[in-house]
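One structure is given below, encoded as structure tokens.
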Amino acid sequence: MHLLHLSNSLFSGRNDSHFRNPCFSPTISACVETRVQRVAPPRVAASSVSSFDETKERISKLIHKAEYSISTYDTAWVAMVPSPNSPTEPCFPNCLNWLLENQCCNGSWARPHHHSLLQKDVLSSTLACVLALKKWGVGEEQINRGVRFIESNFASANEKSQISPVGFDIIFPTMLDYAKDLFLNLRLEANTLNDLIHKRDFELKSHSSKGEEAYLAYIAEGIGKLYDCEKTIMKYQRKNGSFFNSPSTTAAAYMALPNPDCLNYLHSALTKFGNSVPAVYPLDIYSRLSTVDSLERLGICRYFRDKIQTVLDEMYRCWVQGDEEIFMDASTCALAFRLLRMNGCNVTSDRVTSILEERLSSNTKDVHAILELYRASELIISPDEGDLDGQKSRLKHLLEQKISGGRNVDREIFFQVNCVLQYPFYSTLDRISKRRNIENYNLDNTRIAKTSYSSPNFGNKDFLSLSVEDFNKCQAMHRQELKHLEIWVVENKLDELKFARSKSAYCYFSAAATFFEPELSDARMSWAKNGVLTTLVDDFFDVGGSVEELKNLIHLVEVWDADVSAECCSQNVRIIFSALKTTICEIGDKGFVKQERSVMNHIIKIWLDLLYSMMKEAEWDKAKSLPTMDEYMKNAYVSFALGPIVLPALYLVGPKLSEKMVNHSEYHNLFKLMSTCGRLLNDFQGYEREMKDGKLNAVTLYLTKSGGEMTKEDAVTEMKGLIERERRELLRLVLEGEKSSVLPKACKDLFWHMSTVLHLFYNKDDGFTSQELFGVVNSIINEPIVLNELL
């Protein structure tokens with residue numbers, strides 16, 4: 001059970017209707033374009049290449065192994081286990097010796113962690129160690145020093161400001177009862193002791209329902225003789241002989257009901273770790289999955305792609321084989337499901353749903369498990385996953401409850417919960433998320449279960465230093481690319497088109513914030529330049545051009561090798577067509593190099609499809625014609641103008657795209673799903689204004705089609721449901737593995753990246769104002785991260 005992180009700082013408790021270019025809100029972008037500043041990055045110490053490589057090497061080694069801290073609490077409980085041959089002798093005398101040698105100078109057994117808010121953990125560990133020594137009659141001096149520490153710090157056991165380990169309110173008073181049985185003289189403040197006993201009795205009563213049996217079994221050392229151990233505990237024994245992979249639980253279970261499999265498990269743990277044990281063993285799968293998750297969340301997983309794939313392949317085998325280490329722990333199961341599904345593995349959600357139902361049926365305190373389960377519930381891709389979908393709102397409510405008070409909520413957990421609630425997975429731009437994760441990364445790698453434990457797989461300075469250096473290197477390239485884009489705008493005279501919105505910084509941001517890697521520079525520039533061009537062409541068709549000019553522009557693209565000086569009917573047409581041709585040729589040349597075949601004709605066709613669809617909308621508007629919903633959507637998903645932005649960039653991300661691939665139904669389905677989501681998002685947000693202006697809109701057509709039987713609210717609700725279905729189908733296609741998919745994953749990812757852009761900037765509830773977005777743009781493109789400020 002992985003219950004919570006610990007850190008040194010705890011918390012106390014527009015979218016214009018006519019605007020068809022999907023990524024860029026006119027109000028926001030004007031602010032961004034006029035206020036984004038070119039700021040020189042502060043001087044930061046540059047790591048040498050060798051240091052960078054050394055850091056990567058240390059991380060590489062950690063990917064394939066799990067490192068554990070030793071638990072004094074669990075070691076003490078193992079030390080209490082009697083020999084199967086003689087109940088008056090310890091089964092593991094070396095554990096007793098370890099306890100004698102590892103007492104702290106203040107009399108406690110606080111190792112390996114000591115935090116000011118972990119006094120309850122220290123008290124519990126110290127009392128367990130004293131009990132073990134007293135039981136076997138050794139270490140009188142150590143016992144006396146431990147007793148003095150407990151007596152001096154006993155008030156902490158009842159302090160609400162202190163973090164309570166799992167089961168503390170039950171286990172600690174029960175251990176005090178055990179101390180009486182051993183005639184251990186503890187002079188404790190009576191009121192505090194009575195409060196603890198009262199709280200213990202209340203907790204036992206509240207957890208006594210059948211749905212709480214697993215929790216009671218986990219804290220077996222705290223239920224003593226109060227329950228039938230054979231009925232309450234034994235059914236939770238795992239194949240490795242343990243109970244919940246917990247040495248302390250297993251030791252307590254053995255003492256209550258001797259079982260050779262328990263002893264075999266404890267022997268195996270001591271064989272691995274020597275004379276002491278960790279708080280959780282084995283923890284390999286969860287630790288390695290946590291490492292992979294951290295590398296992905298911090299944006300540095302590409303440096304370890306092969307090693308990560310090896311881990312994922314192994315985890316997938318464990319999943320298929322039903323490995324207990326995955327399926328007997330909620331956090332591990334949910335994390336494995338999320339990482340495997342996100343990386344194209346065919347995993348179903350039924351096991352997650354089963355664990356989820358079990359958790360929701362009990363009063364779970366494991367906020368980390370709830371968080372992982374909620375993240376898993378965001379990856380619904382099939383109508384068959386209705387059970388998981390149905391539990392998502394309950395998980396959200398639980399998370400809101402967990403952080404509502406703020407007291408004793410770990411800083412990183414508070415941050416992560418707040419992020420998943422405020423920024424849904426489908427509307428989170430990758431680079432914004434990466435920076436947020438870096439700036440809030442918790443170097444304290446301590447977790448709290450029944451006691452504290454740590455692992456460099458959970459929190460690691462190497463992870464942070466590598467991610468900061470990599471972020472800043474990529475950001476420096478992004479600044480140069482944006483400067484090049486602005487020069488391109490001027491060189492192509494696009495700034496002379498007075499009817500057009502200026503969007504260069506905004507268009508570039510949507511690329512840099514979603515696919516940031518240095519090797520994708522050509523793809524980003526294609527995306528950004530075509531974003532600028534689709535915006536001004538949209539404005540040209542909407543407000544800037546006459547019918548003659550629109551037809552002239554289409555004719556020029558159809559002819560292609562036209563004489564610009566002779567065949568352009570206006571200066572505006574000349575500027576637009578010249579910029580289009582220059583840019584398409586540039587992208588086509590780069591595409592030829594990467595694809596080893598000509599892709600120019602396909603890029604021209606993509607642009608012509610857009611121009612034709614925009615012309616049809618202009619004709620409908622002029623004739624005051626009302627198309628059917630099917631006619632509208634068949635044209636509108638193309639006129640939404642994502643084709644020229646996304647599709648040419650696919651040729652520049654790396655993998656070869658054959659002509660057969662780009663003609664395949666999967667390619668067209670991905671484009672249609674992405675564009676339909678965007679069009680519907682735009683339409684339901686702008687429908688009130690467009691209704692007043694008499695413009696075509698999907699909501700308007702829904703209402704017209706219903707003949708007055710449907711309200712505006714009904715139409716919006718139906719459209720939101722359609723958007724969700726289209727988005728989930730898009731995600732399903734993007735995540736489909738290589739065996740079932742035609743397009744390479746790197747290409748499919750661009751469709752999802754654009755979808756996240758659409759959902760973020762067409763979401764009225766996302767919390768972004770113009771000023772906030774301006775700050776986000778600067779944070780991604782202009783403001784480096786200073787490592788020393790995070791340490």
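Note: hydrogens, waters and symmetry copies are ignored here, and every other heavy atom, side chains too, is used. From a predicted model like this one, the values you see are computed outputs, not experimental measurements. Quick note: residue numbers are just sequence positions, from 1.
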Less than 4.0 Å between a side-chain N and a carboxylate O, is that true for Lys605 and Asp609?
yes

Counting distance only, does the side-chain N/O of Ser613 pair as donor-acceptor with the main-chain N or O of Ser639 below 3.5 Å?
yes

Heavy-atom count around Lys590 NZ within 6.0 Å, excluding the residue itself: above 12?
yes

Tyr508 ring center within less than 6.0 Å of Trp527 ring center:
no

Greater than 12 external heavy atoms within 6.0 Å of Gln571's CD:
yes

Does the ring centre of His602 sit less than 6.0 Å away from the ring centre of Tyr651?
yes

Aromatic rings Phe640 and Tyr762: how do their planes relate, parallel, tilted or perpendicular, breaks at 30° and 60°?
tilted

Sorted by chain and residue number, the side-chain hydrogen bond (donor to acceptor under 3.5 Å, both in side chains) partners of Ser779 (sequence neighbours excluded) come out as none

Kindly say whether Leu673 contributes a backbone atom to a donor-acceptor pair with the side chain of Thr676 at under 3.5 angstrom?
no

Is Lys672 atom NZ crowded by more than 12 heavy atoms from other residues, nucleotides or ligands, each under 6.0 Å away?
no

Residue pairs, two or more places apart or on separate chains, that pass salt bridge (Lys or Arg N to Asp or Glu O under 4.0 Å) and touch residues 653-664:
none

Check whether any side-chain N or O of Thr535 sits under 3.5 Å from a backbone N or O of Gly531 as a donor-acceptor pair, and report yes or no.
yes

Which atom pair, heavy atoms only, marks the closest approach of Pro627 to Leu696?
CD-CD2, 3.5 Å

Between the side chains of Tyr632 and Asp683, is a donor N or O closer than 3.5 angstrom to an acceptor N or O?
yes

Start with the C-alpha distance between Phe577 and Ile554, add both sets of side-chain angles, then the distance that settles side-chain contact (heavy atoms from CB on, under 4.5 Å), and finish with yes or no.
CA-CA 9 Å; Phe577 176 69; Ile554 293 174; over 6 Å; no

Nearest heavy-atom contact between Leu703 and Lys712 is CD1-CG, 3.5 Å

So for atom NZ, which belongs to Lys434, do other residues, nucleotides or ligands contribute more than 12 heavy atoms lying within a distance under 6.0 Å?
yes

Trp752 and Phe515: CA distance, side-chain angles, deciding distance, ring-ring contact (aromatic ring centres under 6.0 Å, His included) verdict
CA-CA 11 Å; Trp752 183 253; Phe515 52 107; over 10 Å; no

Do you know which two heavy atoms are closest between Asp539 and Ala500, and how far apart they sit?
OD2-CA, 3.5 Å

Provide the full list of ring pair (Phe, Tyr, Trp, His ring centres under 6.0 Å) pairs with a residue in residues 706-741, sequence neighbours left out, each pair given once.
none

Distance-only polar pair, side chains of Thr711 and Asp714, donor-acceptor under 3.5 Å:
yes

Which atom names give the shortest non-hydrogen contact between Lys581 and Trp560, and what distance separates them?
NZ-O, 3.0 Å

How far apart are the closest heavy atoms of Met629 and Leu701, and which atoms are they?
SD-CB, 3.7 Å

State whether Arg524 and Glu481 are salt-bridged, where the test is any N-O pair (Lys NZ or Arg NE/NH1/NH2 against Asp/Glu carboxylate O) under 4.0 Å.
yes

Consider only side-chain N and O atoms of Thr348 and Asp350, and report whether a donor and an acceptor are under 3.5 Å apart.
yes

Taking the side chain from Glu718 and the backbone from Ala715, do they hold a donor-acceptor pair closer than 3.5 Å?
no

Please confirm whether Phe499 and Phe540 have ring centers closer than 6.0 angstrom.
yes

Ser349 side chain to Val352 backbone, donor-acceptor under 3.5 Å
no

For Lys396, I'd like to know if atom NZ has over 12 heavy atoms of other residues, nucleotides or ligands within 6.0 Å.
no

Could you check whether Arg679 makes a cation-pi contact with Tyr637, meaning its NZ or CZ is under 6.0 Å from the centre of the six-membered ring and within 45° of the ring axis?
no

For Arg297 and Asn437, the nearest pair of non-hydrogen atoms, with its separation, is O-ND2, 3.0 Å

Check whether NZ of the Lys or CZ of the Arg Arg436 lies under 6.0 Å from the centre of the six-membered ring of Tyr423 and within 45 degrees of that ring's axis.
yes

The criterion is side chain to side chain contact (heavy atoms under 4.5 Å, CB included); which residues satisfy it with Glu567, sequence neighbours excluded?
His555, Leu556, Ala562, Asp563

Pick from Leu670, Val734, Leu733: which one makes a side-chain contact (heavy atoms from CB on, under 4.5 Å) with Leu743?
Leu670

Would you mind listing every salt bridge (Lys or Arg N to Asp or Glu O under 4.0 Å) that reaches into residues 371-389, with sequence neighbours excluded?
Arg338-Glu372, Arg341-Glu385, Glu372-Arg375, Asp389-Arg728

For Glu736, what residues pass the salt bridge (Lys or Arg N to Asp or Glu O under 4.0 Å) criterion, not counting sequence neighbours?
Arg732

Verify the ring-centre separation between Tyr612 and Trp607: is it less than 6.0 angstrom?
no

Do any N or O atoms from the side chain of Asn697 and from the backbone of Val699 form a donor-acceptor pair under 3.5 angstrom?
yes

Assess, by modelled atom type and distance only, whether the side chains of Thr353 and Gln391 contain a donor and an acceptor separated by less than 3.5 Å.
no

Ignoring hydrogens and geometry, is there a side-chain-to-backbone donor-acceptor pair from Ser741 to Gly737 under 3.5 Å?
no

Could you check Lys634 against Asp630 for salt bridge (charged side-chain N to carboxylate O under 4.0 Å, His left out), going step by step and ending with a plain yes or no?
CA-CA 6 Å; Lys634 184 178 180 179; Asp630 288 343; over 6 Å; no

Interatomic distance, Arg574 atom CZ to Asn552 atom CG [nearest 0.5 angstrom]
9.5 Å

